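Everything on this sheet refers to the single structure shown next.
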Number of protein chains: 2
Amino acid sequence: MSVEVDATDLAILRALAADATRSAGALGREMGLSQPATWRRIRRLEEAGVLKGRRLRLDAGRLGFGVTVFLGVKLATKGRVSLDDFERAVTAIPEVQVVEHVLGLYDYRLRIIARDLPDFERVLRRRIMTLPGVGEVEANVLLSEERLPGPLGAA
Amino acid sequence: MSVEVDATDLAILRALAADATRSAGALGREMGLSQPATWRRIRRLEEAGVLKGRRLRLDAGRLGFGVTVFLGVKLATKGRVSLDDFERAVTAIPEVQVVEHVLGLYDYRLRIIARDLPDFERVLRRRIMTLPGVGEVEANVLLSEERLPGPLGAA
DNA sequence: AATGAAACTACTGCCGG
DNA sequence: CCGGCAGTAGTTTCATT
């Protein structure tokens, strides 16, 4: 499943991870490669599925969503149908940003966004607690978040 | 703190959230706006801090990192110095992708990436458990993850 | 807010190692 | 197979109206 990614590819991915808007030409100049060569490498990484696309970095707070909460959810009943039903229902809630199926103390981890705490309480009571099969839930309110280079620093 | 974002801006953000590589011209054509008008709106959103940039979507598995683990961390001692020390130390671990300071049962949530489970055990024992002030930890192994439109669907 | 111009960027062939 | 060169189409970016 792994793909051949050499040191030059990693350098490109590192640079793009820092700023995904940079052009192939600018990247190539900085690392002694021509613009088409750099561009073809990026394209190859996309076709290989390593680079799956570019996502927006939005400031939820400035869009009026001041509260982000992580919710660990334990299902009361865990048949295959329960998982499917739960996922179908939870993905239909607009305030849910991310649905993670996990192994451990909880079955799902949700990233939920709300305008403020009263709004979050509404989502929790009316949307989440009424989901099919929901058992225990545990909430963590986000104070601050920092994203690091991650695997590209390790690789 | 909130910024004026009208329905057209939201439509642009929604379209870009679906595919961040689309050009201002293509977006404008699709929604009956000229290319410069669309481009100026995007730029205004960037200057207002609503649109903070673009991030890469990487397939960690294809880069050789097959295991993603979420780790809830409770600190044993929670003075201001403890928080600073912990954050400084944890951000230096290359396998740590995201550091979230949260309120609730745990103090921090970490997103950690490793090549496989033995590799994760190494990170956990040698890197995480030796961090200054670490108390209880709780791990969740990621099985699958789905990102939804989120606030743009709700807004 | 549209138009037009200048610079830049993405993308395609073709050729050399 | 990978990189450089040259060329075209499309995009950004800015000045002007």
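Protein chains get the first letters and strands the later ones, always in sequence-line order, with residue 1 at the start of each. What you see is a predicted model; the values in this text were computed from it and never measured.
Considering only side-chain N and O atoms, Ser23(A) lies under 4.0 angstrom from the phosphate OP1 or OP2 of dT9(C). Contact between the side-chain N/O atoms of Trp39(B) and the OP1/OP2 oxygens of dT12(D) is not found at any separation under 4.0 Å. Remark: Gln35(A) is not in phosphate contact with dG4(D), judged by side-chain N or O atoms under 4.0 Å from OP1 or OP2.
Each of Arg40(A) and Arg29(A) was matched to the nucleotide of DNA chain C holding its nearest heavy atom; the match closer to the 5' end belongs to Arg29(A). Place Pro36(A) and Arg44(A) on DNA chain D by their nearest nucleotides, and Arg44(A) ends up nearer the 5' end. Mapping Ala26(A) and Ala37(B) onto DNA chain C by nearest heavy atom places Ala37(B) at the nucleotide closer to the 5' end.
Between the CZ atom of Arg22(A) and the C1' atom of dA10(C) there is a distance of 17 Å, rounded to whole Å. In this structure, Ile42(A) places its CD1 atom 10 Å from P of dC11(C), rounding to the nearest Å. Distance Glu47(A) CD to dC11(C) P: 11 Å, rounded to the nearest Å. Note: CG (Asp6(A)) to C1' (dC1(D)) measures 13 Å, nearest angstrom. Regarding Leu27(A), its CG atom lies at a distance of 13 Å from the C1' atom of dA10(C), rounded to whole Å. Separating the CZ atom of Arg41(A) from the C1' atom of dC1(D) is a distance of 11 Å, rounded to the nearest angstrom.
Side-chain atoms of Asp107(B) come within 3.5 Å of backbone atoms of Leu75(B) as a donor-acceptor pair (strictly under, hydrogens ignored).
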- Message: Run the salt bridge (charged side-chain N to carboxylate O under 4.0 Å, His left out) test on Arg111(B) and Glu95(B) for me, step by step, so that the C-alpha distance in whole Å, both residues' side-chain angles and the decisive distance to 0.1 Å come before the verdict.
- Response: CA-CA 9 Å; Arg111(B) 185 188 178 111; Glu95(B) 287 85 1; over 6 Å; no
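Under the 30°/60° scheme for interplanar angles, the aromatic rings of His101(B) and Tyr108(B) are found to lie parallel.
We find that Asp119(B) and Arg122(B) are joined by a salt bridge, their nearest charged nitrogen and carboxylate oxygen being less than 4.0 Å apart.
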